A.B. asks: 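The structure is given below, and queries will be raised subsequently.
Start at 1 and go down the list; that is how both ligands and their atoms are numbered. Numbers here are sequence positions counted from 1. Since this is a predicted model, take the numbers as computed values, not measurements.
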Amino acid sequence: MTFKKADLHCHSLYSDGSCSPFELIAMAKERSLSGLSITDHDTVAAYSEAFAIAEQEGLPLLAGAEFSSEFNRIGVHILAYAIDLKSEPLLNLCQRHQQRRRQRNLLMLSALADKGIYLSEGQLLEKAGQATIGRPHIAELLVAGGHCSDMKEAFTRYLGDRAPCYRRFETVSSEETIEIIHQAGGVAVLAHPHLLPKETKIDRLLCLPFDGIEAYYGNFNSQKNRPWVELAQQHSLFVTGGSDFHGAAKSQAELGSAWTPFDLFERLRQTSHSTG
Ligand code: AMP
Ligand code: ZN
Ligand code: FE
Ligand code: FE
């Protein structure tokens with residue numbers, strides 16, 4: 001018997017992924033996944049079309065998003081599932097992030113200009129289209145303009161959290177993010193704890209009212225995932241898995257490379273406030 005799996009973490013064209021919701025849903029079926037959540041950065045815009053497509057394609061879909069937050073000045077990504085997509089506080093949070101990102105991106109473009117690299121906001125808007133604009137879009141422009149040989153170099157030399165052109169602007173705390181997810185009737189899951197910097201005080205972070213931990217992530221092996229599964233058990237949190245797929249050219253991990261058992265996916269979907 002094959003285990004029924006759901007991938008609870010991937011990105012579409014509405015943030016920094018390169019697939020449309022239709023392509024993600026079709027790919028999930030091709031890969032024999034039994035469920036999917038599209039978790040774009042700081043936006044739920046994909047769901048304006050995703051539920052209708054999922055229903056047509058016969059793939060169970062769970063409303064989701066991946067919110068940027070900060071805890072003690074460390075960037076923490078928080079996955080939200082089973083949220084009410086019409087929740088005022090949730091939509092306000094998305095709106096705040098759009099404004100925060102715009103200001104932050106302008107600061108980053110100006111920091112790049114100080115280094116003699118001139119990119120305009122217009123170029124960025126053209127690159128991103130209708131998507132939430134993120135650092136990967138700036139990185140793509142740096143590569144396309146011949147300033148860096150690849151995305152990795154763009155992050156190491158200019159845009160990474162510790163690189164000289166990274167800028168912060170009006171961040172939202174992890175605490176407030178979780179509160180808003182709960183107000184929207186959803187559950188809050190700590191995304192890819194594997195990627196948190198070593199100095200993160202994880203026990204303090206887990207004092208916040210998280211519901212789950214994404215202990216199975218991307219291509220990480222069981223040795224890398226195990227400590228997070230154990231930590232989730234110690235804190236009585238549920239465990240999810242997701243690939244963080246951004247499109248074939250952008251991701252190391254394939255859609256479905258990490259997954260959540262279908263019964264947990266289904267339980268979350270049953271409590272969901274948005275099913276299309
Ligand atoms: P943003 O949300 O605009 O701050 O951009 C964060 C996104 O940039 C992350 O979700 C990753 O997809 C990507 N990213 C961050 N750091 C790196 C890195 N060192 N190399 C490649 N991509 C990165
Ligand atoms: Zn991303
Ligand atoms: Fe993330
Ligand atoms: Fe992600």
A.B. asks: Name of the D244 N, O or S atom nearest the Fe ion (ligand 4)?
C.D. replies: OD1
A.B. asks: Does E170 have more than 12 heavy atoms from other residues, nucleotides or ligands lying within 6.0 Å of its CD?
C.D. replies: no
A.B. asks: Any N/O/S atom from H192 (main chain or side chain) under 2.8 Å of the Fe ion (ligand 3)?
C.D. replies: yes
A.B. asks: By atom name, which N, O or S atom of E66 is the nearest to the Fe ion (ligand 3)?
C.D. replies: OE2
A.B. asks: Indicate yes or no: does E176 engage R96 in a salt bridge with an N to O separation below 4.0 Å.
C.D. replies: yes
A.B. asks: Is H11 close enough to the Zn ion (ligand 2) that one of its N, O or S atoms comes in under 2.8 Å?
C.D. replies: no
A.B. asks: The Zn ion (ligand 2) and D16: any N/O/S contact shorter than 2.8 Å?
C.D. replies: yes
A.B. asks: Taking the side chain as every heavy atom from C-beta outward, state whether N225 and H194 have any pair of such atoms under 4.5 Å apart.
C.D. replies: yes
A.B. asks: Got an N, O or S from H77 under 2.8 Å of the Fe ion (ligand 4)?
C.D. replies: no
A.B. asks: Should we count CZ of R100 as having more than 12 external heavy atoms under 6.0 Å?
C.D. replies: yes
A.B. asks: Evaluate the criterion side-chain hydrogen bond (donor to acceptor under 3.5 Å, both in side chains) for residue pair H246 and Q252; output intermediate values, then yes/no.
C.D. replies: CA-CA 9 Å; H246 281 73; Q252 312 226 309; over 6 Å; no
A.B. asks: For residues E179 and P89, determine if any side-chain heavy atom of one lies less than 4.5 Å from a side-chain heavy atom of the other.
C.D. replies: no
A.B. asks: Using 2.8 Å as a strict upper limit, say whether an N, O or S atom of H246 approaches the Fe ion (ligand 4) that closely.
C.D. replies: no
